[in-house]
Amino acid sequence: MSEDHTLAPLRRVSTDVLEVAYYETGCAENDTVLLLHGFPYDIHSYVAVAPLLADSGFRVVVPYLRGHGPTRFLSESTPRSGQQAALGADIVAFMDALGVERAYLAGYDWGGRAANVAAALWPERVLGLVSVNSYLIQDIGAAAEPLAPEREATSTTSSPSAAEPVWPTIPKGSRA
């Protein structure tokens with residue numbers, strides 16, 4: 001880490017869709033922790049955390065997510081999307097590009113959503129998950145439906161209560 005509290009130098013790796021800019025510290029032979037930032041923030045959200053994890057023996061990788069910093073789409077014709085499935089797929093593709101079979105995922109906001117989606121759809125790739133500050137997996141179709149009147153009267157939000165989780169339906173045989 002440099003004296004001005006930035007995560008540098010940056011490395012780059014290409015997936016099928018993105019050229020991902022990222023910071024890495026720690027021993028490459030150890031378990032990997034991916035730290036995933038939220039919107040509108042960037043990798044510097046982890047300027048104090050990355051060295052602590054590296055000093056604890058982890059390989060720490062902090063990528064700029066799609067649409068942030070120097071991470072770029074490889075093709076001008078690729079649709080720009082912030083859909084939750086795209087964010088999760090980016091994480092797994094990034095792991096593939098780095099040669100990381102399994103990793104701990106930690107994120108907040110959009111990074112938390114990306115981590116949650118990756119963990120839900122590719123659980124065999126995730127050693128552990130830390131997700132903070134909303135933006136979990138959302139059933140977009142159900143979110144468009146109003147709550148039943150009796151639930152609206154007792155609800156402080158338009159979302160189902162935490163006591164009644166709503167899980168997305170994935171067709172049998174689908175990897176989604």
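Residues forming a side-chain hydrogen bond (donor to acceptor under 3.5 Å, both in side chains) with Thr32 (at least two apart in sequence, or on another chain): none. For Tyr64, the ring pair (Phe, Tyr, Trp, His ring centres under 6.0 Å) test picks out no residue, with sequence neighbours left out. Applying the side chain to side chain contact (heavy atoms under 4.5 Å, CB included) rule to Leu52 yields no partners; only residues at least two apart in sequence or on another chain are considered.
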Could you pull out all donor-acceptor pairs under 3.5 Å where a side-chain atom in residues 88-100 meets a protein atom, sequence neighbours excluded?
{"unit_1": "Asp90", "atom_1": "OD1", "unit_2": "Arg66", "atom_2": "NH2", "d": "3.0"}
{"unit_1": "Asp90", "atom_1": "OD2", "unit_2": "Arg66", "atom_2": "NE", "d": "2.5"}
{"unit_1": "Asp90", "atom_1": "OD2", "unit_2": "Arg66", "atom_2": "NH2", "d": "3.4"}
{"unit_1": "Asp96", "atom_1": "OD1", "unit_2": "Arg125", "atom_2": "NH1", "d": "2.9"}
{"unit_1": "Asp96", "atom_1": "OD1", "unit_2": "Arg125", "atom_2": "NH2", "d": "2.8"}

Without placing hydrogens or testing angles, list every side-chain donor-acceptor pair under 3.5 Å for residues 15-22, not counting sequence neighbours.
{"unit_1": "Thr15", "atom_1": "OG1", "unit_2": "Val17", "atom_2": "N", "d": "3.2"}
{"unit_1": "Thr15", "atom_1": "OG1", "unit_2": "Leu18", "atom_2": "N", "d": "2.9"}
{"unit_1": "Thr15", "atom_1": "OG1", "unit_2": "Leu18", "atom_2": "O", "d": "3.3"}

Which donor-acceptor pairs under 3.5 Å do the side chains of residues 33-42 make with protein atoms, sequence neighbours left out?
{"unit_1": "His37", "atom_1": "ND1", "unit_2": "Tyr41", "atom_2": "O", "d": "3.1"}
{"unit_1": "His37", "atom_1": "NE2", "unit_2": "Leu65", "atom_2": "N", "d": "3.0"}
{"unit_1": "Asp42", "atom_1": "OD1", "unit_2": "His44", "atom_2": "N", "d": "2.9"}
{"unit_1": "Asp42", "atom_1": "OD1", "unit_2": "His44", "atom_2": "ND1", "d": "3.3"}

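Nearest heavy-atom pair across Leu74 and Ser14 is CD2-OG, 4.0 Å. Of all the heavy atoms in Val47 and Pro51, the pair that sits closest is O-CD, 3.3 Å. The shortest heavy-atom contact between Tyr46 and Gly107 is OH-CA, 3.6 Å. Nearest heavy-atom pair across Thr25 and Ala54 is CG2-CB, 3.7 Å. Ser81 approaches Gln83 most closely through the heavy-atom pair OG-N, 3.0 Å. Shown here for Ala115 and Leu129, the closest heavy-atom pair between the two residues is CB-CD1, 3.6 Å.
Sorted by first then second residue, the salt bridge (charged side-chain N to carboxylate O under 4.0 Å, His left out) pairs that include residues 44-64, not counting sequence neighbours, are Glu24-Arg59. The stretch residues 69-79 participates, sequence neighbours left out, in these side chain to side chain donor-acceptor pair (under 3.5 Å) pairs: Ser75-Ser77.
Residues Val13 and Val62 do not share a hydrophobic cluster, defined by chaining ILVMFWY side chains whose heavy atoms lie under 4.5 Å apart. No chain of hydrophobic side-chain contacts below 4.5 Å, direct or via other Ile, Leu, Val, Met, Phe, Trp or Tyr residues, connects Val61 to Tyr108. Residues Val49 and Leu127 share a hydrophobic cluster, clusters being chains of Ile/Leu/Val/Met/Phe/Trp/Tyr side chains in contact below 4.5 Å. Taken together through direct or relayed side-chain contacts under 4.5 Å among Ile, Leu, Val, Met, Phe, Trp and Tyr, Trp110 and Val126 form parts of separate hydrophobic clusters.
Between Asn30 and Phe58 there is no side-chain heavy-atom pair separated by less than 4.5 Å.
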